[in-house]
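Here's the structure we're looking at; comments come further down.
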Number of protein chains: 2
Amino acid sequence: MTDRYHHGDLRRALIDAAVEAIAESGPSALSLRAVAKGAGVSHAAPAHHFGDKSGLLTAVAAEGYDRFADALDRAWEATGSFIEVGIAYVRFAIDNKAYFETMFRPELLHEDDPELARAEARSRAALIRGSGEPKPGPDGEAPEFNANALGAWSLVHGFAGLLMTGNFPPSVAADPEGALREIANHVRFGDG
Amino acid sequence: MTDRYHHGDLRRALIDAAVEAIAESGPSALSLRAVAKGAGVSHAAPAHHFGDKSGLLTAVAAEGYDRFADALDRAWEATGSFIEVGIAYVRFAIDNKAYFETMFRPELLHEDDPELARAEARSRAALIRGSGEPKPGPDGEAPEFNANALGAWSLVHGFAGLLMTGNFPPSVAADPEGALREIANHVRFGDG
DNA sequence: GCGCCAGTCTTGACAGTGTCAAGTTGTTCG
DNA sequence: CGAACAACTTGACACTGTCAAGACTGGCGC
């Protein structure tokens, strides 16, 4: 199946190869030719499916946002806990480093891609839902972030980022989830 | 001065050109040859001063960490306010996008560079000092981050990151400092 | 059952990149 | 003055993304 002229699902294979490569050296070091070689096709094959190198990265990011939304939704539905959604946020970053890093590097992506926009919106919705203040817009309009949600989002996002860039002391890096739970025990969100 | 064979201060000129280029397209898109051309020297000149492309980026990051530490120190000394240090953190990220982005991309840097380590340590110290809990180690050992400091650091770092990647709604992007102050009004750090 | 066509992939080329080796120019100091 | 040394240049190499052109296939209508 993988050595036919018509690959079967080359698009899938290329994304998988890309994710693997990104996991090792980051999204900016991705080589289209290396990805193609990894999938056993010629160096120009990716262009046909993704147009661009940015196109491939955009596809990875979109898939990442979908998986991210799934993870956040699962956490909220399983626990109904604001904090557990935050934990899931960080856990996703750790377990899906390649996806997560790609998602938050807009300069490498086609920001106008509709698939990306759709998946991104899903994640945003999951995040707002999990922020504990579902409060649908007064006339059914899209719900917005309030100060508490923005603060919580910033906190978990920053925690994930600092963790992944190696900026935390070893004690935190050894047990990130524990450290985050302790932070949660010390932080209170209120109405100012 | 700039067109002599011996440039005078080519190192400085290259860093400046690099910062300018990074501000436009991010650190991963930096082209050594373009930087060299911008400084009016041959394409291999940068190698002599920085060895590597990573070497140049490391120099930029180190200088960034120094400026960052300065900014945090200034904010703390001027106000003695925990919150104002956080504001200064985000303001630095906005005003020095090129430096800030480079500082937090370890995969592009020589992480073992002593200059980088020194400047990084300065920033870390400034951050701990500004976190409001100076509490020097019992026996003069380096002070550590506690849960409150980790939480506050994560919050401002995440806020800066999400802001710069365009993930915040327009209302927040239009007045980031105001939004951050409002978040600060809603968040309380305590002892759990 | 057959031909043809749209879609899939390959081949070859191009300009641009980082890095290395060797050579050239300038400065400094004995 | 000359010799050692640093700063920079020149040329080459392998590698990259992208484009144009061609080759192969599977499946469609007839």
Side-chain angles (χ1 to χ4, degrees), chain A residues 1-22 24-61 102 105-113, chain B residues 1-22 24-61 102 105-113:
Chain A
M1 174 75 77
T2 70
D3 54 349
R4 292 187 310 171
Y5 191 95
H6 283 61
H7 185 286
D9 200 353
L10 180 55
R11 188 187 154 87
R12 180 73 265 139
L14 287 172
I15 292 182
D16 289 342
V19 168
E20 197 168 350
I22 294 169
E24 286 184 8
S25 342
S28 54
L30 184 72
S31 155
L32 268 191
R33 291 173 108 107
V35 166
K37 187 169 294 185
V41 292
S42 83
H43 67 263
H48 190 267
H49 287 273
F50 303 102
D52 229 29
K53 180 172 169 177
S54 299
L56 173 53
L57 286 169
T58 300
V60 170
T102 307
R105 259 192 190 74
E107 82 274 15
L108 301 177
L109 310 178
H110 288 147
E111 296 193 68
D112 53 344
D113 183 273
Chain B
M1 174 77 76
T2 72
D3 54 349
R4 293 188 310 169
Y5 190 94
H6 282 63
H7 184 287
D9 201 352
L10 180 55
R11 187 188 155 87
R12 181 70 268 140
L14 288 172
I15 291 183
D16 290 341
V19 168
E20 197 168 349
I22 294 169
E24 286 183 9
S25 340
S28 53
L30 183 72
S31 157
L32 268 190
R33 291 173 108 107
V35 166
K37 187 170 293 183
V41 291
S42 83
H43 67 263
H48 190 266
H49 286 274
F50 304 102
D52 227 40
K53 180 172 169 175
S54 300
L56 173 53
L57 287 168
T58 300
V60 170
T102 307
R105 260 194 190 85
E107 81 273 16
L108 302 177
L109 310 178
H110 289 148
E111 297 194 68
D112 53 345
D113 183 274

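Fair warning: this is a prediction, and the values are worked out from it, not measured in the lab. Lettering follows sequence order; numbering is per chain, from 1.
Per the geometry, CG belonging to Asp52(A) stands 14 Å off C1' belonging to dT16(D), to the nearest Å. Protein atom CG of Leu108(A) is 13 Å distant from nucleotide atom P of dG17(D), rounded to whole Å. The distance between atom CZ of Phe50(A) and atom P of dT8(C), rounded to the nearest whole Å, is 12 Å. Note: NE2 (His110(A)) to C1' (dT18(D)) measures 12 Å, nearest angstrom. Atoms CG (Leu57(B)) and C1' (dG18(C)) sit 12 Å apart, rounded to a whole Å. In this structure, Leu14(A) places its CG atom 8 Å from P of dC9(C), rounding to the nearest Å. Per the geometry, NZ belonging to Lys53(B) stands 12 Å off C1' belonging to dG16(C), to the nearest Å. Nucleotide dG26(C) holds its C1' atom 15 Å from the CG atom of Leu10(B), rounded to whole Å.
Residue Ser31(B) has no polar side-chain atom (N or O) positioned under 4.0 Å from OP1 or OP2 of dG16(C).
Positionally, the nearest nucleotide of DNA chain C for His48(A) lies more toward the 5' end than for the other of His48(A) and Ala47(B).
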Enumerate the protein-to-nucleotides 10-12 of chain D contacts in which both atoms are nitrogen or oxygen and the separation is below 3.5 Å.
from, atom 1, to, atom 2, distance (Å)
dG11(D), O6, His43(B), NE2, 2.9

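Side-chain proximity of Leu32(A) to dG18(C), dG17(D), dT9(D): nearest is dG17(D).
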Determine all donor-acceptor pairs shorter than 3.5 Å in which one atom belongs to a side chain in residues 27-51 of chain B; sequence neighbours excluded.
from, atom 1, to, atom 2, distance (Å)
Ser31(B), OG, Arg33(B), N, 3.4
Ser31(B), OG, Ala34(B), N, 3.0

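Residues His110(B) and Gly55(B) approach most closely at CE1-N, 3.6 Å, considering heavy atoms.
One finds the CG atom of Asp113(B) at 12.0 Å from the CG atom of Leu57(B) (value rounded to the nearest 0.5 Å). Annotation: the span from Ile15(B) atom CD1 to Arg12(B) atom CZ amounts to 5.0 Å, rounded to 0.5 Å.
No engagement by Leu56(B) is indicated, since no non-hydrogen atom pair under 4.0 Å with the nucleic acid exists.
Residues that satisfy the salt bridge (charged side-chain N to carboxylate O under 4.0 Å, His left out) test with Asp52(B), not counting sequence neighbours, are absent from this structure. In this structure Glu107(B) satisfies the salt bridge (charged side-chain N to carboxylate O under 4.0 Å, His left out) test together with Arg105(A), sequence neighbours excluded.
Two end axes, each from the C1' atoms of five base pairs, can be drawn for the helix from dT8(C)-dA23(D) to dG30(C)-dC1(D); they diverge by 0°, to 10 degrees.
Counting heavy atoms from C-beta outward, Thr102(A) and Leu109(A) have side chains that approach closer than 4.5 Å.
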